[in-house]
Protein chains: 2
Amino acid sequence: MPHRVHIARELAEFFKLVAHPDRIRLIEELRTGECDVNTLAERLNLPPARLSQHLSLLRTARMVEERRCGRQHLYSLSQPQIAGWITDGLAFVEARAPAALAGELREVRELWS
Amino acid sequence: MPHRVHIARELAEFFKLVAHPDRIRLIEELRTGECDVNTLAERLNLPPARLSQHLSLLRTARMVEERRCGRQHLYSLSQPQIAGWITDGLAFVEARAPAALAGELREVRELWS
DNA sequence: CTCATATCTGCAAATATATGCAGATGTAAC
DNA sequence: GTTACATCTGCATATATTTGCAGATATGAG
């Protein structure tokens with residue numbers, strides 16, 4: 001039992017890290033390879049400082065890796081499969097979502113696969 | 001782009017729901033079939049009222065289904081595969097976890113499969 | 001009807017998370 | 001060195017989540 005509790009805590013921390021709309025888009029954006037903070041900020045339409053904070057969290061948890069190149073910091077997923085695992089979650093969202101979402105879901109599924 | 005934002009929000013809500021140690025254990029406890037609140041409370045070693053609150057959240061999100069039987073409320077997963085999907089997340093936890101966790105992870109993986 | 005059991009709900013306090021902004025750092029070009 | 005740019009960190013505030021507890025409801029037994 002105590003082991004179950006411990007592992008459940010670890011799992012929950014991991015889920016919490018993913019459970020943010022910005023970070024989900026960020027992870028999906030990185031699925032195609034490394035990218036620098038400014039480009040990410042533009043693509044996701046977020047202030048760079050905010051991106052930096054999200055990246056800092058993911059970095060601490062070693063979900064992303066940082067590589068410096070000149071004055072840019074290039075980030076990439078340390079476990080690229082995670083992007084696919086997240087989109088698998090779409091199936092569960094779909095089941096409880098109103099039919100109105102079906103179109104959006106299809107579109108995003110293509111973009112993120 | 002707006003679609004991606006929208007879907008990312010939905011996904012994040014779904015992840016948040018799962019991102020709690022009690023609820024993770026609860027979902028894994030339900031993987032073998034329906035169960036009443038009191039039994040769950042004993043097995044997870046949590047006060048029944050707390051279980052009830054978690055179940056109410058999951059019920060609202062239609063992640064669990066409720067069936068009344070006499071004075072008991074029997075709950076079950078509306079998408080049983082979700083339990084397996086969650087344990088798939090263990091792989092990602094494992095990668096960033098200290099080696100000390102390896103034993104616990106193996107044990108829990110067996111229990112929850 | 002009354003009682004005991006099972007579960008639910010509402011509320012307030014504690015805690016955690018997210019956000020925006022201002023200033024710090026680090027690097028490259030001049 | 002100075003400047004411009006890219007990114008990071010710290011802090012205050014706003015917001016959300018969790019938790020415990022007290023009281024409400026609902027069901028079945030007697």
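Just so you know, these numbers come straight off a predicted model, no measurement behind them. Just so it is clear: chains get the letters A, B, ... in the order the sequence lines come, proteins before strands, and each one is counted from 1.
OP1 and OP2 of D:dC5 both lie 4.0 Å or more from every side-chain N or O belonging to A:Arg71. The shortest distance between the side-chain N/O atoms of A:His73 and the OP1/OP2 oxygens of D:dC8 is below 4.0 Å. Contact between the side-chain N/O atoms of B:Arg59 and the OP1/OP2 oxygens of C:dC8 is found at a separation under 4.0 Å. Distances shown here put a side-chain N or O of A:His20 below 4.0 Å from the OP1 or OP2 atom of C:dT19. Residue A:Tyr75 places at least one side-chain N or O closer than 4.0 Å to OP1 or OP2 of D:dC8. Listed pair B:Ser52 / C:dT7 fails the phosphate criterion, with no side-chain N or O lying under 4.0 Å from OP1 or OP2. The side chain of A:Asn38 contributes an N or O atom lying less than 4.0 Å from OP1 or OP2 of D:dT7.
The closest donor-acceptor contact from the side chain of B:Thr39 to the backbone of B:Cys35 lies at 3.5 Å or more, if one exists at all. Remark: side-chain polar atoms of B:Ser78 are paired, donor with acceptor, to backbone N or O of B:Arg62 under 3.5 angstrom.
Computed from coordinates, the B:Glu13 CD to D:dA16 C1' distance equals 12 Å when rounded to whole Å. Atom-to-atom, CZ of A:Arg50 to C1' of D:dT13 comes out at 15 Å; the value is rounded to the nearest Å. One can place CD of A:Gln53 at 11 Å from C1' of C:dT17, the figure rounded to the nearest angstrom. Separating the CG atom of B:Leu51 from the C1' atom of D:dG20 is a distance of 14 Å, rounded to the nearest angstrom. Atom CG of B:Leu46 and atom C1' of D:dG20 are 13 Å apart (whole Å). Separating the CG atom of B:Leu55 from the P atom of D:dT19 is a distance of 14 Å, rounded to the nearest angstrom. Atom-to-atom, CZ of B:Arg68 to P of C:dC8 comes out at 7 Å; the value is rounded to the nearest Å. Rounded to an integer number of Å, the gap from B:Asp36 CG to D:dG28 C1' is 15 Å.
No donor-acceptor contact under 3.5 angstrom links the side chains of A:Arg67 and A:Tyr75, judged on distance only.
Checking D:dT19, D:dT9, C:dT19 against the side-chain heavy atoms of A:Asp22 singles out C:dT19 as nearest.
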With side-chain contact (heavy atoms from CB on, under 4.5 Å) as the criterion, how do A:Leu111 and A:Glu28 come out once you've worked through the C-alpha distance, each side chain's angles and the decisive distance to 0.1 Å?
CA-CA 9 Å; A:Leu111 265 166; A:Glu28 293 303 329; over 6 Å; no
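Where A:Lys16 and A:Thr39 meet DNA chain D, the nucleotide closest to each residue was compared, and A:Thr39 sits on the side nearer the 5' end. Between A:Pro47 and A:Cys69, the one whose closest nucleotide on DNA chain C sits nearer the 5' end is A:Pro47.
A parallel orientation is assigned to the rings of B:Phe14 and A:Phe92, their planes being inclined by less than 30° (bins at 30° and 60°).
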